[in-house]
Protein chains: 2
Amino acid sequence: MTLAATPTPPYTAVIFSSIRTSVEGGGDQGYGVMAGRMEELAAQQPGYLGIEWARAAEEGGTNITVSYWADDDAARAWKKVAEHTVAQERGKTTWYADYRVRVCTVERDYGHPSPAH
Amino acid sequence: MTLAATPTPPYTAVIFSSIRTSVEGGGDQGYGVMAGRMEELAAQQPGYLGIEWARAAEEGGTNITVSYWADDDAARAWKKVAEHTVAQERGKTTWYADYRVRVCTVERDYGHPSPAH
């Protein structure tokens, strides 16, 4: 995986943080498959700029997914699409003990190597 | 770990995304210890609201840490403190093949359970 090649700010970031439920026997109950499908779906939406995620290895750990969008309207449209998938409903009870979504305006960025934009 | 109990937006989020270097033999070269120290240090700074992180289990995977701050000034002050630690310099060459920092204004949030604020 590589970091998302986002453009010069401003643009919109959606931070999705969640605590995975503990699972008897350690199976992921389809979480990995769902996450892959959601990424494919996001990439087809207007205004999609990229996605980054880090998944906790252990149960009870924190997962963070950040998706990047051209503007707030694109982020809102994605929320509607996501809510119509099975993932959103099932996720509340099966996959996540707790989750939080934060919608942000990216003001500036820096890094190493320097952002290509 | 629990999700950060952030207040009603707006506030500032600093998204730190990185790709871990591949390590011969699989040791973390002190990364875990450094990450713990950085969190302690952040928690002592003015305007600190909380932190969330998800660390990749596998080498070459993506780590994401999001720290939350009362405002942009607090986020800038933290950057200066962080740069004066060993972590920042060493991190560029030892721990991270690639990293990106994005400083954002959180505009709104939602979740389950609903945010307490």
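Within every chain, numbering begins at 1; the chains are lettered A, B, ... in the order of the sequence lines, protein sequences first and strands thereafter. Given the structure is predicted, the values throughout are model-derived calculations rather than measurements.
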* Asked: Is there a side-chain contact between B/L3 and A/T62, using heavy atoms and a 4.5 Å cut-off?
  -> yes
* In one Ile/Leu/Val/Met/Phe/Trp/Tyr side-chain cluster, 4.5 Å: B/W53, B/Y48 -> yes
* chain A: which of B/V66, B/V14, B/V103 shares the most heavy-atom pairs with it under 4.5 Å? -> B/V103
* Transitively linked via ILVMFWY side-chain contacts under 4.5 Å: B/L49 with B/Y110? -> no
* Asked: In Å and rounded to the nearest 0.5 Å, what is the CD to CG distance from A/E107 to B/D72?
  -> 7.0 Å
* To do: Assess the side chains of A/S17 and B/E52: does a donor N or O sit below 3.5 Å from an acceptor N or O?
  => yes
* Relative to chain A, which segment of B/I64 carries a heavy atom at a distance below 4.5 Å: side chain, backbone, both, or neither? -> both
* Between atom OG1 of B/T2 and atom CZ of A/R100, what is the distance when rounded to the nearest 0.5 Å? -> 10.0 Å
* Structure fact -> Here the pair of heavy atoms bringing A/A13 nearest to B/I15 is CB-CD1, 4.1 Å
* To do: Could you tell me whether B/R102 sits above the aromatic face of A/Y68, with NZ or CZ closer than 6.0 angstrom to the six-membered ring centre and within 45 degrees of the axis?
  => yes
* State yes or no: do A/I51 and A/Y11 share one hydrophobic cluster built from I, L, V, M, F, W and Y residues joined by side-chain heavy-atom distances below 4.5 Å, directly or via other members? => no
